[in-house]
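This chain uses plain numbering: 1 for the first residue, then up along the sequence.
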Amino acid sequence: MNQPIFTPVTMDSFLRQIDALSAALKASGWRPDYLVGIGRGGLVPATYLSHATDLPMLSVDMSAKLPDFGEALLAKLAVRAAAGEKLLFIDDINDSGRTINAVRDAMQGAEAARFAVLMDNIRSAAKVDYRAETIDRAVTKDWFVFPWEAVASRESMVADWSAVPERTQ
């Protein structure tokens, strides 16, 4: 297996990404009722975007794989979306598309659910509505270390990096 290239995302870069998402959301004319941070990587961006847009924030946890904090909450949000509440789900990166597609599937095709990410892989299996930046995983294999990940151990980051084989090849 190759070794990862860790590329830090500075706080200034992160704040520019939040500004870009906020501007894109405003320019679209669509205003969600709630922002929904997708845990773990989307929680900090959702918090910042909530402050930047003055929109309330909710959260779901897809990383711990505990149904009460992931699937059960998504089911409740799907009911709200089906009733017409507009939800903007936020994650740090749309890489393979697995997380975004899992959330989209849980929303059962609700048109009131949209997706925003800081970084969007153009080769992802999932499509998002808003992005601050695009990357191409055929070219860029770097593991982007966002400010909230900078305290993680190297071993933890390597494990996350290697969890999705298409990201590392």
Check [X] against [Y] and note the closest heavy-atom contact, atom names and distance.
{"X": "Val9", "Y": "Ser13", "result": "CG1-CB, 4.0 Å"}
{"X": "Pro45", "Y": "Gly41", "result": "CD-O, 3.2 Å"}
{"X": "Leu74", "Y": "Met107", "result": "O-CE, 3.1 Å"}
{"X": "Gln3", "Y": "Arg154", "result": "OE1-NH2, 3.7 Å"}
{"X": "Ala110", "Y": "Ala82", "result": "CB-N, 4.4 Å"}
{"X": "Met57", "Y": "Ala46", "result": "SD-C, 3.5 Å"}

Check: Phe146: what forms a ring-ring contact (aromatic ring centres under 6.0 Å, His included) with it, not counting sequence neighbours?
Finding: Trp148
Working to the nearest 0.5 angstrom, can you tell me the gap between [X] [atom1] and [Y] [atom2]?
{"X": "Ile93", "Y": "Glu133", "atom1": "CD1", "atom2": "CD", "result": "9.5 Å"}
{"X": "Asp160", "Y": "Asp95", "atom1": "CG", "atom2": "CG", "result": "11.0 Å"}
{"X": "Phe6", "Y": "Glu149", "atom1": "CZ", "atom2": "CD", "result": "9.5 Å"}
{"X": "Asn121", "Y": "Arg131", "atom1": "CG", "atom2": "CZ", "result": "11.0 Å"}

Notebook entry, point to check: Considering residues, nucleotides and ligands other than Lys26, do more than 12 of their heavy atoms fall under 6.0 Å from its NZ?
Noted result: no
Side-chain touch [X]/[Y], heavy atoms, less than 4.5 angstrom:
{"X": "Leu77", "Y": "Tyr34", "value": "no"}
{"X": "Thr99", "Y": "Ile38", "value": "yes"}
{"X": "Trp143", "Y": "Thr7", "value": "no"}
{"X": "Arg137", "Y": "Ile135", "value": "yes"}
{"X": "Leu21", "Y": "Leu118", "value": "yes"}
{"X": "Leu87", "Y": "Phe89", "value": "yes"}
{"X": "Val128", "Y": "Ile100", "value": "yes"}
{"X": "Leu49", "Y": "Ser22", "value": "yes"}

Main chain of [Y], side chain of [X]: is a donor-acceptor contact present, judged purely on distance under 3.5 Å?
{"X": "Asp136", "Y": "Ile122", "value": "no"}
{"X": "Ser162", "Y": "Val158", "value": "yes"}
{"X": "Arg114", "Y": "Lys86", "value": "no"}
{"X": "Asp129", "Y": "Phe115", "value": "yes"}
{"X": "Asp142", "Y": "Phe144", "value": "no"}
{"X": "Ser124", "Y": "Ala126", "value": "yes"}

Notebook entry, point to check: Are Thr47 and Ser50 linked by a side-chain donor-acceptor pair shorter than 3.5 Å?
Noted result: no
Check: Regarding Asn94 and Asp120, is there a side-chain donor-to-acceptor distance under 3.5 Å anywhere?
Finding: yes
Next item on the list: Give the intermediate values and the outcome of side-chain contact (heavy atoms from CB on, under 4.5 Å) for residues Ile90 and Val36.
Entry: CA-CA 6 Å; Ile90 296 135; Val36 184; over 6 Å; no
Margin query: Checking Leu25 now: which residues fulfil side chain to side chain contact (heavy atoms under 4.5 Å, CB included) with it, not counting sequence neighbours?
Written below: Ser28, Trp30, Pro32, Thr53, Leu55, Leu88, Tyr130
Next item on the list: Following the transitive rule for hydrophobic clusters with a side-chain heavy-atom cut-off under 4.5 Å over Ile, Leu, Val, Met, Phe, Trp and Tyr, establish whether Ile18 and Met11 coincide in one cluster.
Entry: yes
Next item on the list: Give a yes or no on whether a salt bridge exists between Asp54 and Arg31, defined as a side-chain N under 4.0 angstrom from a carboxylate O.
Entry: no
